[in-house]
Amino acid sequence: MRAVGAALLALMATNAAAEPITAARFTDPTERYAHGILGDALEWGGLKLTLADGTALQFTLPRDHVFEDTAPRLADVTGDELPEVIVVETDVNRGAALAIYGAEGKLAETPHIGQSNRWLAPIGAADLDGDDTIEIAYIDRPHLARVLRVWRYKDGALRDVALLDGLTNHRIGERAISGGIRNCGDGPEMIVSDADWARIVAVRFEGGALTPTDIGPQNGPESFAAALACE
């Protein structure tokens, strides 16, 4: 009976993984991590995925972890043209990491920053350098270190491939993360702010290097929206 039960669970997991993810949301609000970087005391203890056939999958974190994020992000990370889910998952003792979930559970994550109350702010995911693999970018400690980091997903793991100092995309207490990834017809660019919140910066990843370009003054959310719209 135990063998039959295990086989049934494996079959259910395989069937779930075969269905694409159509939606994701955080569940189980919690106050067990008193960081409040996004403006309130609530983080999230669970992640609910909805599949194309209507199946709902619930992933619940251990008590020493929370999702410390604005919302889950659907993006193709594996390169199969189907979405995975990108989230900020924080260990209450070791700080934030960027994690990727699929219907079968967690696929990969970056190392945690290293101590409590240290966070990262995602920028987005795309094939940033045209090598047919997906890169994911975030700002490491946008209020302290202000380092743009790029990770490549390949062979089931994330590998750190580039970094650039002096950039940010979030202010303490704000609910929104600024910027993102745009493509104005000549390849993807990451849109962020300089460290002083004075200028909008477009960053390209080419030949293994990150190249920033100042594209104008930063005057609030409208500046980021215009940059992302290629205006």
Side-chain angles (χ1 to χ4, degrees), residues 1-33 35 37-38 40-92 94 96-112 119-128 132-138 151-159 175-177 180-181 183 188:
M1 289 296 292
R2 290 182 180 178
V4 172
L8 179 59
L9 289 174
L11 179 61
M12 291 171 62
T14 300
N15 289 341
E19 289 289 333
I21 299 167
T22 57
R25 65 180 180 89
F26 292 131
T27 64
D28 306 329
T30 177
E31 296 183 355
R32 64 184 182 236
Y33 183 55
H35 191 195
I37 203 70
L38 292 167
D40 59 36
L42 289 178
E43 309 303 344
W44 306 95
L47 174 66
K48 182 178 181 179
L49 307 185
T50 302
L51 307 185
D53 65 356
T55 299
L57 302 175
Q58 177 73 32
F59 300 103
T60 300
L61 293 177
R63 288 195 57 79
D64 60 352
H65 279 227
V66 295
F67 292 115
E68 191 179 14
D69 206 347
T70 57
R73 299 158 191 81
L74 268 63
D76 175 20
V77 175
T78 61
D80 62 358
E81 300 185 357
L82 297 173
E84 285 74 40
V85 179
I86 300 171
V87 293
V88 179
E89 183 174 331
T90 295
D91 181 308
V92 300
R94 297 185 296 146
L98 185 137
I100 303 167
Y101 279 77
E104 59 271 53
K106 189 187 295 185
L107 302 179
E109 70 178 348
T110 65
H112 291 271
W119 186 65
L120 61 87
I123 299 170
D127 180 3
L128 294 174
D132 295 324
T133 58
I134 303 298
E135 285 81 34
I136 306 175
Y138 63 73
W151 296 74
R152 178 176 292 127
Y153 182 84
K154 189 173 183 180
D155 299 327
L158 286 164
R159 184 167 67 90
R175 290 297 303 169
I177 296 171
I181 295 178
N183 190 332

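FYI, the numbering just counts along the sequence from 1.
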Checklist entry - Does Asp40 come within less than 4.0 Å of Arg175, counting only side-chain N to carboxylate O? => result yes
Item to check | Minimum heavy-atom distance Leu128-Glu135, with the two atoms named | outcome: N-OE1, 2.7 Å
Checklist entry - With distance as the sole test, does Asp127 use its side chain to make a donor-acceptor pair with the main-chain N or O of Asp132 at under 3.5 Å? => result yes
Checklist entry - Tell me, do Leu120 and Leu98 make a side-chain contact under 4.5 Å, heavy atoms counted? => result yes
Item to check | Closest non-hydrogen atom pair, Ile136 against Ala125 | outcome: CG1-CB, 3.9 Å
Next on the checklist: Whether the side chain of Arg73 engages the backbone of Ala71 through a donor-acceptor N/O pair (distance < 3.5 Å, no angle test) should be reported.
Outcome noted: yes
Item to check | Nearest-0.5 Å distance, CG of residue Leu38 to CD1 of residue Ile177 | outcome: 6.5 Å
Checklist entry - Is the closest basic N to carboxylate O distance between Arg32 and Glu43 below 4.0 Å? => result no
Next on the checklist: If you define the side chain from C-beta out and look only at heavy atoms, does anything of Pro83 sit under 4.5 Å from Asp76?
Outcome noted: no
Next on the checklist: Any non-hydrogen side-chain atom of Leu42 less than 4.5 Å from a side-chain atom of Glu31?
Outcome noted: yes
Checklist entry - Hey, does the side chain of Trp119 reach the backbone of Glu68 with a donor-acceptor pair shorter than 3.5 angstrom? => result yes
Next on the checklist: When you compare the side chain of Tyr101 with that of Ile86, does any pair of heavy atoms fall below 4.5 Å?
Outcome noted: no
Checklist entry - Can you tell if the side chain of Val87 reaches within under 4.5 Å of the side chain of Val85, non-hydrogen atoms only? => result yes
Next on the checklist: Side chains of Thr55 and Thr50, heavy atoms from C-beta outward: is any pair under 4.5 Å?
Outcome noted: no
Checklist entry - If you look at every heavy atom in Ile181 and Gly124, which pair is closest and at what distance? => result CD1-C, 3.4 Å
Checklist entry - Counting distance only, does the side-chain N/O of Asp69 pair as donor-acceptor with the main-chain N or O of Val88 below 3.5 Å? => result yes
Checklist entry - Do we see a donor-acceptor contact under 3.5 Å between the side chains of Glu84 and Thr78? => result yes
Item to check | Approximate separation, where rounding is to 0.5 Å, of Lys48 NZ and Asp28 CG | outcome: 10.5 Å
Checklist entry - Is there a side-chain contact between Phe26 and Leu47 (heavy atoms, below 4.5 Å)? => result yes
Checklist entry - Is there a donor-acceptor pair closer than 3.5 Å between any side-chain N or O of Glu89 and the backbone N or O of Ala99? => result no
Next on the checklist: Could you check whether any side-chain heavy atom of Phe59 comes within less than 4.5 Å of a side-chain heavy atom of Leu49, counting everything from C-beta outward?
Outcome noted: yes
Checklist entry - Should Ile100 and Tyr153 be marked as a side chain to side chain contact (heavy atoms under 4.5 Å, CB included) after you check the CA-CA gap, both sets of side-chain angles, and the distance that decides it? => result CA-CA 10 Å; Ile100 303 167; Tyr153 182 84; 3.8 Å; yes
Checklist entry - Considering all heavy atoms of both residues, which atom of Pro20 and which atom of Leu82 are nearest to each other, and what is their separation? => result CB-CD2, 4.0 Å
Checklist entry - Taking all atoms of both residues into account, what is the closest heavy-atom pair of Leu74 and Ala24, and its distance? => result CD1-CB, 3.7 Å
Item to check | Whether over 12 other heavy atoms sit under 6.0 Å from Gln58 CD | outcome: yes
Item to check | Value rounded to 0.5 Å, distance of CD in Glu109 from CG in Asp91 | outcome: 9.0 Å
Checklist entry - Once you round to the nearest 0.5 Å, how far does CZ of Phe67 lie from CZ of Arg25? => result 13.0 Å
Item to check | Residue pair Ile21 / Ala103: nearest heavy atoms and the distance that separates them | outcome: CD1-N, 3.9 Å
Next on the checklist: Could you walk me through whether Leu51 and Thr22 satisfy the side chain to side chain contact (heavy atoms under 4.5 Å, CB included) test, starting with their C-alpha distance in whole Å, then the side-chain angles of each, then the deciding distance to 0.1 Å, before giving a yes or no?
Outcome noted: CA-CA 5 Å; Leu51 307 185; Thr22 57; 5.8 Å; no
